[in-house]
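Proteins come first, then strands; the chains are lettered A, B, ... in the order of their sequence lines, and each starts at number 1. Quantities reported herein were computed from a predicted structural model and do not represent experimental measurements.
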There are 2 protein chains.
Amino acid sequence: MKRHVLIFGLVGGLLIAALQYTEYRFVVIQHSVEIYGVLVAILFAAFGIWLGLRITRRRETVRETIVVREVLVPAAAPAPFAPNTARQQSLGITPRELEILALVARGLSNREIATQLFVSENTVKTHCARAFDKLGAARRTQAVQRGKELGLLP
Amino acid sequence: MKRHVLIFGLVGGLLIAALQYTEYRFVVIQHSVEIYGVLVAILFAAFGIWLGLRITRRRETVRETIVVREVLVPAAAPAPFAPNTARQQSLGITPRELEILALVARGLSNREIATQLFVSENTVKTHCARAFDKLGAARRTQAVQRGKELGLLP
DNA sequence: TCCAAAATCACTCAAAAGGATGACGACATC
DNA sequence: GATGTCGTCATCCTTTTGAGTGATTTTGGA
């Protein structure tokens, strides 16, 4: 990607140089500024379009091979899931926080969690905030994603 | 698409006009041609890039050629994930909605999603609302959970 | 060319979530 | 007894989400 910027700069520089050079040679031509402006505009617009195409082309190819139907050999029993206590320890996440995190991952609202655990909504929010902080998450969706990545959640 | 060309022409015309106008007002300024050239170049390059992105964005979604590939997998291999298109169809979830849902699952906020997809936050919210409705979810965490259950998300 | 689905955007209002901070009691440990 | 952690709860304030509506634009297909 960095190469694009380089090429971009280069082309720009050359163009300006050419502009300046020709400016001196054909000063007599009327409306030269407008003509050059249009030329530059067209050139750069085309270049931009090309660049845009080039950047996004990669994504296309990726999109094409999506569906992979796998023919499974024996069915591996879905592991009963063991929370990664080591990671939990290292992050300093308390059991209660993890418990609430799990309910967040199940899609419950703070109020629903509070009801289910017989605590106040404020308490849930506090636990959430602390857990989010320890996970480096700003949103509950992000916290859930991180939690799964780290093996804290099923 | 016709509108783009129109806007393109319009902007170009205005720019040239502005160029000409200011040219007459600030003839004293040295190197004005170069400066204006650079300005025009930058503007049009940006516009071109934007246009290029916009054009290819569509092709991306359209170009969703589904390639079904059957593979024998040893049971332990983590499946590369195949979105359950049948279920998606039956629920009436559009490709765009699923795309946004995936970003929600990754923990992005609506604003971040909007930036990443070059659309307004309002649009993201609309897609979200529709997807949530189709999934029978009231919150994004719940939608993500449902989406995973239904095999729509990895 | 016309139509329907999909995608886009805007606006309002209400609810949910999040950040910051302080506080209190239970409990374990030093 | 002092200290520290954990769980609990609160208040204030801001941001984010979600619901409900309506509208326009694109696009693909009949």
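- When the side-chain nitrogen and oxygen atoms of A:Thr123 are compared with OP1 and OP2 of D:dC9, one or more of them lie within a distance under 4.0 Å.
- Taking CG of B:Leu103 as the reference point, atom OG of B:Ser109 lies at 10.5 Å (rounded to 0.5 Å).
- Residues B:Lys125 and A:Pro95 both approach DNA chain D. Their nearest nucleotides, taken by heavy-atom distance, put A:Pro95 toward the 5′ side.
- A:Asp133 places its CG atom 8 Å from the P atom of C:dA20, with the value rounded to the nearest Å.
- If you take CD1 of B:Ile93 and C1' of C:dA5, they are 16 Å apart, rounded to a whole angstrom.
- Closest to the side chain of A:Arg139, out of C:dT8, C:dG18, D:dG18, is C:dG18.
- We find the CG-NZ distance between A:Leu152 and A:Lys134 to be 12.0 Å, quoted to the nearest 0.5 Å.
- Within 4.0 Å (heavy atoms only), B:Asn110 reaches sugar-phosphate atoms of the nucleic acid but no base atom.
- Of the candidate nucleotides C:dA10, C:dG18, C:dT8, C:dG18 has the atom nearest to the side chain of A:Phe132.
- Taking only side-chain nitrogens and oxygens, A:His127 comes nearer than 4.0 Å to OP1 or OP2 of D:dT8.
- Residue A:Glu99 contributes atom CD, which lies 9 Å from atom P of D:dG7 at whole-angstrom precision.
- Backbone-only contact: A:Thr94 has heavy atoms under 4.0 Å from sugar-phosphate atoms and none from a base.
- Contact of the B:Thr123 side chain with the B:Leu117 side chain is not registered, since no non-hydrogen atoms from C-beta on lie closer than 4.5 Å.
- Taking only distance into account, the side chain of A:Arg130 meets the base of D:dT8 through a donor-acceptor pair shorter than 3.5 Å.
- The distance between atom CG of B:Asn122 and atom P of D:dT17, rounded to the nearest whole Å, is 13 Å.
- For the pair A:Glu97 CD and D:dT5 P, the interatomic distance rounds to 13 Å; values are reported in whole Å.
- Taking atom CZ on B:Arg111 and atom C1' on D:dT16, their separation rounds to 8 Å, with Å as the unit.
- Computed from coordinates, the A:Gln142 CD to D:dT16 P distance equals 13 Å when rounded to whole Å.
- Considering CZ of A:Arg140 and CD1 of A:Ile100, their distance stands at 10.0 Å, rounded to 0.5 Å.
- Within 4.0 Å (heavy atoms only), B:Ser120 reaches sugar-phosphate atoms of the nucleic acid but no base atom.
- We find that CD of A:Glu121 is positioned 10 Å from C1' of C:dA15, with the value rounded to whole Å.
- By the 4.0 Å N-to-carboxylate-O rule, A:Arg139 lies close enough to B:Glu112 to be salt-bridged with it.
- Checked by distance alone, A:Thr126 brings a side-chain donor or acceptor within 3.5 Å of a matching partner on the base of D:dC9.
- Contact check, A:Arg140 against C:dA17: a side-chain N or O comes under 4.0 Å of OP1 or OP2.
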